[in-house]
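Structure record follows, encoded as structure tokens.
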Amino acid sequence: VVLARLLTPDDYGLVAMVTAIIGFAALFKDLGLSTATVQRKEITHQQVSSLFWVNVGISLVIAVMLCGCAPLVALFYHESRLTMITLALACTFIFSGLIVQHQALLRRQMKFTTLALIELGSMVAGVLAAVVMACWGAGYWALVGLPVFSAIANAVLVWWLCRWRPGWPQRGTGVRPLLKFGSHMTGFSFLNYFSRNLDHILLGRYCGTEILGFYSKAYNIMLLPVSQIRAPLEAVAMPALSRMQNDPLRYRRYYLKMTALLAFLSIPLMVLLLVCADEVILILLGPNWRQAAPIFKILCLVSLIQPIASTRGLVLISLGRSQRYLNWGVANAVITAAAFVAGLPWGALGVAIAYTAANYLILV
């Protein structure tokens, strides 16, 4: 809310061009190994240590590759400022790779209070840094500073509050099944991220930074309330359902209760945001963002079903059916990507309408 009044849609669109690329690269620093650690019935210290070093090595490789690709990103979008933005955001991988397994162990142990403190602390650090930079006239660099300072604060807090320390990697620890599980998770994440962010890439390439700024902000506001409800519930449900995977009756009861609670909290909220979309955009972002309101209305229709529909992935992962999860991702990516391409001739509103129609088709 504060940054929207200090910065411009062009600033948001500029950074959104890079965050789509950075977010794609982030899929590979985890390799699905954090989920493998949580889902596994039993796991040893040696196995987690081996996974830790895999995550660290991959994160360093990704950071170096992003630095090398920074000029290509600027060339693709015909925007020279993107080179330095990409270089700055690449450094976040150095910090995030150090905490993947620590966070997975905290989730496995269901220490959600600790995780909440870490998330809140890193979020506050990033937002405060961004607001201060924006007040000093840093422009779009304030949006770059937010994830950078958040990543640094997150790494410090995780290592301080999680007592586990990795050992040196060893052979014969039995990590191959975990790596296979992780590869399926990464495959799905790759397809899902590509399909979910293709709209940002296409709009940035063919419609410009301002149109992308309106679309990106509307999309993020639509996701914010739903994700704040869904993410905590699913974070609790993953380790809980994984422990019940051999007890179908308890599993079913738990899942239905969780789904009912998720629907009760999310659907009325999204109806309210849909009805009051113009007022929400005006109050939160100010009059300069009025063009985001029609896009926001369309995307609210997606959020009526998305929180519940997303639990299909939770079921497949908690039951260890990673191959089926990957197969599902292929179908989902094809339909969503086709929708974005079909809606692009009508600009941001056309992309939003096509995305909404695709989600309802996928639900069926």
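Along the sequence shown, residues carry numbers from 1. What's counted below: heavy atoms across the whole structure, side chains too, no hydrogens, waters or symmetry copies.
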Same cluster for [X] and [Y] if Ile/Leu/Val/Met/Phe/Trp/Tyr side chains link at under 4.5 Å?
| X | Y | answer |
| --- | --- | --- |
| L60 | I62 | yes |
| V341 | I362 | yes |
| F112 | L314 | yes |
| V1 | M222 | yes |
| I99 | L120 | no |

Heavy-atom side-chain proximity of [X] to [Y] below 4.5 angstrom:
| X | Y | value |
| --- | --- | --- |
| S242 | Y251 | no |
| V271 | L304 | yes |
| I201 | Y77 | yes |
| L191 | L326 | yes |
| T114 | C162 | no |
| M258 | Y255 | yes |
| L106 | I118 | yes |

Separation between [atom1] of [X] and [atom2] of [Y], rounded to the nearest 0.5 Å:
| X | Y | atom1 | atom2 | value |
| --- | --- | --- | --- | --- |
| W328 | R321 | CH2 | CZ | 16.0 Å |
| L285 | Q291 | CG | CD | 12.5 Å |
| L161 | Q103 | CG | CD | 11.0 Å |
| W346 | L344 | CH2 | CG | 9.5 Å |
| L272 | I267 | CG | CD1 | 14.0 Å |
| Q306 | L363 | CD | CG | 10.5 Å |

Are W289 and F296 an aromatic pair by the rule of ring centers under 6.0 Å?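 For W289 and F296, the ring centres are not under 6.0 Å apart.
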Do S318 and Q245 meet the criterion of a side-chain donor-acceptor pair at a distance under 3.5 Å?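 Short answer, no.
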[X] to [Y] - nearest heavy-atom pair and separation:
| X | Y | value |
| --- | --- | --- |
| S122 | L157 | N-CD1, 3.8 Å |
| H102 | W164 | NE2-O, 3.2 Å |
| P9 | N288 | CG-O, 4.5 Å |
| G286 | R5 | N-NH2, 3.7 Å |
| V100 | S96 | CG2-O, 3.5 Å |
| C91 | V148 | SG-CG1, 4.2 Å |

Cation-pi check, R205 onto F76 ring (under 6.0 Å, within 45° of axis):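 Because its charged atom sits under 6.0 Å from the ring centre and within 45° of the axis, R205 does stack over F76.
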Spell out, as yes or no, whether a donor-acceptor pair under 3.5 Å connects the side chain of [X] to the backbone of [Y].
| X | Y | answer |
| --- | --- | --- |
| Y360 | L301 | yes |
| W159 | R165 | no |
| S303 | C300 | no |
| S216 | G213 | no |
| N154 | S150 | no |
| R312 | A309 | yes |

Should the heavy atoms of other residues, nucleotides or ligands under 6.0 Å from [atom1] of [X] be counted, would the total exceed 12?
| X | atom1 | value |
| --- | --- | --- |
| E119 | CD | no |
| M84 | CE | no |
| F149 | CZ | no |

Apply the test side chain to side chain contact (heavy atoms under 4.5 Å, CB included) to residues L3 and L146: give CA-CA distance (whole Å), side-chain angles for both, the deciding distance (0.1 Å), then the verdict. CA-CA 11 Å; L3 289 173; L146 197 157; 4.0 Å; yes
Does the pair I281 and I221 meet the rule for a side chain to side chain contact (heavy atoms under 4.5 Å, CB included), with working shown? CA-CA 9 Å; I281 295 296; I221 294 178; 4.1 Å; yes
Who pairs with E234 by salt bridge (charged side-chain N to carboxylate O under 4.0 Å, His left out), at least two apart in sequence or on another chain?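 Partners of E234 under the salt bridge (charged side-chain N to carboxylate O under 4.0 Å, His left out) test: none.
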Single hit among Y355, Y215, Y219 for side-chain hydrogen bond (donor to acceptor under 3.5 Å, both in side chains) with D199: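 The passing option is Y215.
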NZ/NE/NH1/NH2 to OD/OE distance under 4.0 Å, R290 and D278: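 No, this pair does not count.
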Passes side-chain hydrogen bond (donor to acceptor under 3.5 Å, both in side chains), Y140 versus T8? Steps please. CA-CA 8 Å; Y140 60 85; T8 67; over 6 Å; no
Member of I85, L143, V144, L212 meeting the side-chain contact (heavy atoms from CB on, under 4.5 Å) criterion with L14: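 The option that passes is I85.
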Could you go step by step and tell me if N359 and T356 meet the side-chain hydrogen bond (donor to acceptor under 3.5 Å, both in side chains) rule? CA-CA 5 Å; N359 271 268; T356 301; over 6 Å; no
